[in-house]
Amino acid sequence: MRLRGLSNRARPCPIESRQTPLLQPADMTSNLQLFERAQRVIPGGVNSPVRAFRAVGGTPRFIARAQGPYMWDAEGQRYIDYIGSWGPMILGHGHPAVLEAVQKAALDGFSFGAPTEREIELAEAIIAQVPSIEQVRLVSSGTEAGMSAIRLARGATGRSKIVKFEGCYHGHADALLVKAGSGLATFGYPTSAGVPAEVVQHTLVLEYNNLEQIEEVFASQGSEIACVMIEPIAGNMNFVRASVPFMTRIRELCTQYGALFVFDEVMTGFRVALGGAQSVYAGLIPGFKPDISVFGKVIGGGMPLAAFGASRDIMRLLAPLGPVYQAGTLSGNPVATACGLATLKEISKPGFYEALSAKTRSLVEGLSGVAREAGVPFVGDSEGGMFGFFFADSLPQNYGVVMATDQPRFNRFFHAMLERGVYLAPALYEAGFVSAAHQAEDIAATVDAARAAFKA
Ligand SMILES: *Cc1c(COP(=O)(O)O)cnc(C)c1O
């Protein structure tokens with residue numbers, strides 16, 4: 001008898017693998033048991049809130065291992081993974097070249113707290129793909145990179161105010177945990193306890209894709225604005241593109257008023273295209289460039305690594321050259337940089353993004369097709385290896401509209417897909433990710449699962 005299921009590739013059908021888990025020792029711990037145990041020692045049982053499944057309900061899956069496009073939970077169930085650690089795993093899990101680079105680096109030492117040649121190589125590799133930046137500094141998380149970029153923008157301009165948009169997430173630094181106030185151009189309110197109102201008094205929160213609001217805020221306070229920070233394709237409200245007129249106008253206003261335009265490409269960088277979302281907009285708006293860029297996720301290939309970069313003129317304001325302080329014990333970590341470098345090397349190969357984009361588009365088209373068959377209102381969009389979908393008639397343009405889409409239907413769909421071995425993001429305001437390891441058969445199995453889910 002042929003032993004099916006020994007190879008990850010041998011089992012294209014997630015439904016089948018669900019009914020006959022590969023591993024089932026008598027003492028296997030269930031996800032529920034692990035969740036109960038986790039909740040005793042970790043708040044909510046998780047180290048980052050969305051993992052707790054609060055938005056969709058149910059028990060989070062505790063992941064035991066992952067390979068290629070698949071993850072297996074503690075109960076031995078296999079899932080086609082469309083989260084990819086929230087974006088970093090663009091090559092899929094356990095890519096051989098990345099694994100080898102990490103293993104080699106680990107043998108040479110985990111951390112030195114001193115400069116290494118690999119940091120130069122990674123900085124060079126990032127700069128080579130992103131024409132708007134001449135220097136980068138490496139840090140350990142997207143939060144840290146975003147927070148540092150804002151300090152740099154304030155240091156560079158000598159101004160205090162920052163503009164952000166509702167629904168964009170830039171990490172959990174105090175000044176960025178803000179929601180819009182009731183009136184336009186009023187100060188925002190903290191969205192988290194523990195953030196004093198004084199700390200967010202310089203953060204202005206506007207509606208995404210709202211041209212009037214950005215005009216008005218610059219007209220009234222333009223000379224006090226240090227920077228405008230944006231997720232160019234917002235993946236923390238599912239998938240919402242900044243419109244070309246909106247992007248064009250922000251760029252003009254920033255230039256006119258001497259404010260810096262900060263692109264938070266933690267999610268989109270090296271994900272939607274090799275040159276990030278800024279290369280997508282540069283293709284639509286001649287000469288377009290942000291002033292400061294923030295990266296994370298893909299550039300670490302799954303290790304804690306992030307970066308921010310800008311022109312040499314701006315970056316030289318950072319310590320030790322300039323007055324803006326910024327530091328990190330594990331910054332430029334040798335194992336993390338090895339992982340990032342090996343990842344960038346793979347994704348820089350010719351044709352990589354063409355193939356990834358085509359695959360991601362085929363997924364969104366497949367899902368749209370079966371939704372149409374089932375008479376379910378559904379719209380989707382994608383760029384490179386990032387996608388989003390909504391149970392709505394047209395693509396939302398801002399956070400309010402995203403949150404008004406059919407949440408109960410999303411939650412039912414999420415669970416119906418999870419039961420069928422497809423792991424989508426457990427909240428309707430999150431983007432999804434396809435990796436180079438996803439094959440046509442995985443996409444087909446996902447679309448089949450969605451057809452069954454819509455029927456159910
Ligand atoms: C994930 C993310 C961050 C935060 O990065 P962490 O590494 O989780 O701190 C910041 N900005 C954007 C756009 C993100 O998607």
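Whatever order the structure lists them in is the order used to number ligands and atoms, beginning at 1.
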Sub-6.0 Å ring centroid separation between F295 and F270: yes
Pocket residues of ligand 1, ordered first by chain and then by residue number (heavy-atom cut-off under 4.0 Å): S141, G142, T143, Y169, H170, G171, E231, N236, D264, V266, M267, K297
Partners meeting side-chain hydrogen bond (donor to acceptor under 3.5 Å, both in side chains) with E166 (sequence neighbours left out): none
Set of residues satisfying side-chain hydrogen bond (donor to acceptor under 3.5 Å, both in side chains) with respect to Q135, sequence neighbours excluded: none
Exercise: do R61 and Y423 side chains pair donor with acceptor under 3.5 Å: no
Within 6.0 angstrom of H415 NE2, more than 12 heavy atoms from elsewhere: yes
Residues in ring pair (Phe, Tyr, Trp, His ring centres under 6.0 Å) contact with F165, at least two apart in sequence or another chain: F246
